[in-house]
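Remarks on the structure that follows.
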There are 2 protein chains.
Amino acid sequence: MHQHHVHPGGERALEQLVARVPLFAQLSDSELAEVARRVVPHSHPRNTQLYGAGERNASLMIIHSGLVKIYRITAAGHEQVIRILGPGDFLGESTFVDRSAADHFAVTLEKSDICSLQHDDLHAYLLSFPSVAVKMLETLSRRLAVTENQLSSMAGDDADHRVAAYLLAVSASDQTDRLRLPITKKDVASLLGLTPETLSRKLAHFEDSGWISLHPARVIELHDKPALSLL
Amino acid sequence: MHQHHVHPGGERALEQLVARVPLFAQLSDSELAEVARRVVPHSHPRNTQLYGAGERNASLMIIHSGLVKIYRITAAGHEQVIRILGPGDFLGESTFVDRSAADHFAVTLEKSDICSLQHDDLHAYLLSFPSVAVKMLETLSRRLAVTENQLSSMAGDDADHRVAAYLLAVSASDQTDRLRLPITKKDVASLLGLTPETLSRKLAHFEDSGWISLHPARVIELHDKPALSLL
DNA sequence: CGTGCGATTGAGTAAGTTCAATCGGGGTGG
DNA sequence: CCACCCCGATTGAACTTACTCAATCGCACG
């Protein structure tokens, strides 16, 4: 696999990059410089598999730009989307803390600039810079809360409810009523625990009811958010 | 609410207690003593709510003995079991790392001895004893993996598959083919994203097929594990 | 510019839920 | 310590929702 360095210019740009990562937000300039020395930036084309189930990747990856899909292959053999990661997020931590093989796949959905940090180096940073460990704890805890939310939603809510809740969540994070789905509807369906057919039907139903408008390029306009939240 | 101290005897016993908690496994004797000084032990009767959604409990709780159920109330208004915690596990960390209110409930399923540690103290320990932070990371990461497993299982696998997988998991952790369900079937059903009726039918079906035997007191005997894993 | 994959729509099916009634066991109170 | 009683467990029947299979459409990536 051929990979290119990001910002071949020099260390300075790399340091700027590292400083913008939430994980290292609390570090001082000198500490940042130390981290920057060990971090290796790479640019990955769209649809690149970063690691797969069964692999024992040896690095923590930090997304600078782009989008990464985390998914599993179920016993029945089909893909189940777990989570979508974007700029500032990290992945590959599960094989670091467990020391076992990954049970999921990570693939880029767009061209993505990603920094890698060897597990050994990360371990050292966790011990010397406690704020990094605390930040990781915060992130994992939040991920856990989100995943638990997905779980109870899939167990207890019907399809309409889940679709509406997803649209409202994207709308809230984008701060707009005219949102663009970050991923394909197929992936949205998987994330919500639905088939693409069902998602398509629910969205059509919402549009018929006058609550939303469907536009090309995965753009959806929300007209009646109260109606959606009442589902 | 009235609570009693565990081991009113003295500090020494408390230190022994703390030493057995995985979270503090790596600490030296002097460090353990320091932790033990801040930890407050309590004994809770069965069916005691430790904290609820909306509350902002200010302590990390560590289970010494007993069983705790973590659950949510879904939009539809029914209880969704998220996870069961036992001796050595901790809870209440979500309100520590986020600084927001809990979105779930914690209730004892048996009489439970639980140590509390103020969030402020925990924060101090995380900074001074990095191994504690790393241990918390490991735990949260594993919980995340388990929850993701539940998620993809609920999305992709049918009821038979989930029930069989659960029986095999309990059997594996108990190291026996004659297992006792740690929780009521009602709670098992919720954990698996099923109704109690469906779980009951699946178990009856398994028994009819000769794969298991159902006994009183939630005891189940597995006769044909290969058959169960093939579902 | 072509093509392959995602999206949509339709019809039929099957799985699990819901509602209801009964049974049984373990926990609580006397 | 025992008996009562409540709640969990079980079983039955009808239903409903989302899935499956299939065919067509259209956009977007290469």
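Below, chain A is the first sequence line, B the second, and so on; all start at residue 1.
- In this entry the distance linking CD of B:Glu110 with P of C:dT28 reads 13 Å, nearest Å.
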Got a list of side-chain donor-acceptor pairs under 3.5 Å for residues 86-94 of chain A, not counting sequence neighbours?
residue	atom	partner	partner atom	Å
A:Asp89	OD2	A:Gly86	N	2.8
A:Glu93	OE2	A:Arg143	NH1	3.2

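- Listed by residue number, there are no residues of residues 182-192 of chain A with a heavy-atom contact under 4.0 Å to DNA chain D.
- Remark: B:Ser65 engages B:Asp113 in a side chain to side chain donor-acceptor pair (under 3.5 Å) (not counting sequence neighbours).
- For the pair B:Asp208 CG and D:dT10 P, the interatomic distance rounds to 12 Å; values are reported in whole Å.
- A pairwise comparison of heavy atoms in A:Val170 and A:Arg180 identifies CG1-O, 4.4 Å as the closest pair.
- Residue B:Leu214 is the one, among B:Leu214 and A:Gly193, whose nearest nucleotide of DNA chain D lies closer to the 5' end (criterion: closest heavy atom).
- DNA chain C lies under 4.0 Å from at least one heavy atom of each of the following residues of residues 147-171 of chain B: B:Asp158, B:Ala159.
- By the 4.5 Å heavy-atom criterion applied to side chains, B:Arg201 and B:Glu197 are counted as neighbours.
- With sequence neighbours excluded, no residue satisfies side chain to side chain donor-acceptor pair (under 3.5 Å) with A:Thr139.
- Atom pair B:Leu109:CG and C:dG27:P shows a separation of 12 Å (rounding to whole Å applied).
- The side-chain hydrogen bond (donor to acceptor under 3.5 Å, both in side chains) pairs that include a residue from residues 169-179 of chain B are B:Asp177-B:Lys225, B:Arg178-B:Glu221, where partners are two or more places apart or lie in different chains.
- The distance from atom CD of A:Glu148 to atom OG1 of B:Thr147, rounded to the nearest 0.5 Å, is 5.5 Å.
- When rounded to the nearest whole Å, the span between CD of A:Glu79 and C1' of C:dG6 equals 13 Å.
- Side-chain contact check for A:Ile84 versus A:Pro182: every heavy-atom pair is 4.5 Å or farther apart.
- Using a 4.5 Å heavy-atom cutoff, the side chains of B:Leu199 and B:Lys186 are not in contact.
- Every side chain to side chain donor-acceptor pair (under 3.5 Å) that A:Thr198 has, sequence neighbours left out, goes to A:Thr195.
- In this structure, the CG atom of A:Leu199 is 15 Å from the P atom of D:dT20, given to the nearest Å.
- Between the P atom of D:dT10 and the NE2 atom of B:His215 lies a distance of 13 Å, rounded to the nearest Å.
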So which protein nitrogen or oxygen atoms get under 3.5 Å of nucleotides 22-25 of chain D's nitrogens or oxygens?
none

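- Contact detail for A:Ser100 and A:Thr95: the closest heavy-atom pair is O-CG2, 3.4 Å.
- Neither OP1 nor OP2 of C:dA7 sits under 4.0 Å from any side-chain N or O of A:Ser200.
- Atom C1' of nucleotide C:dG16 and atom NE2 of B:His205 are separated by 15 Å, given to the nearest angstrom.
- Inter-axis angle, ends of the helix from C:dC1-D:dG30 to C:dG30-D:dC1, five pairs per end, rounded to 10 degrees: 70°.
- The two residues A:Leu231 and A:His161 have their closest heavy-atom pair at O-ND1, 2.6 Å.
- In this structure A:Arg142 satisfies the salt bridge (charged side-chain N to carboxylate O under 4.0 Å, His left out) test together with B:Asp98, sequence neighbours excluded.
- The side chain to side chain donor-acceptor pair (under 3.5 Å) check on A:Asp160 picks up A:Lys202, with sequence neighbours excluded.
- Considering only side-chain N and O atoms, A:Thr198 lies under 4.0 angstrom from the phosphate OP1 or OP2 of D:dC19.
- Taken to the nearest 0.5 Å, the CG atom of A:Leu109 stands 7.5 Å off from the OG1 atom of A:Thr184.
- Expressed to the nearest 0.5 Å, how far CZ of A:Arg162 lies from CG of A:Leu194 amounts to 4.5 Å.
- For DNA chain D, none of the residues of residues 68-75 of chain B falls under the heavy-atom distance limit of 4.0 Å.
- Following rounding to the nearest Å, A:Lys202 (NZ) and C:dA7 (P) show an atom-to-atom distance of 18 Å.
- Ring orientation note: the planes of A:Tyr71 and A:Phe105 are close to parallel, at an angle under 30° on the 30°/60° scale.
- Contacts of A:Leu194 with the nucleic acid, taken as non-hydrogen atoms under 4.0 Å apart, involve only primed sugar atoms and P, OP1 or OP2.
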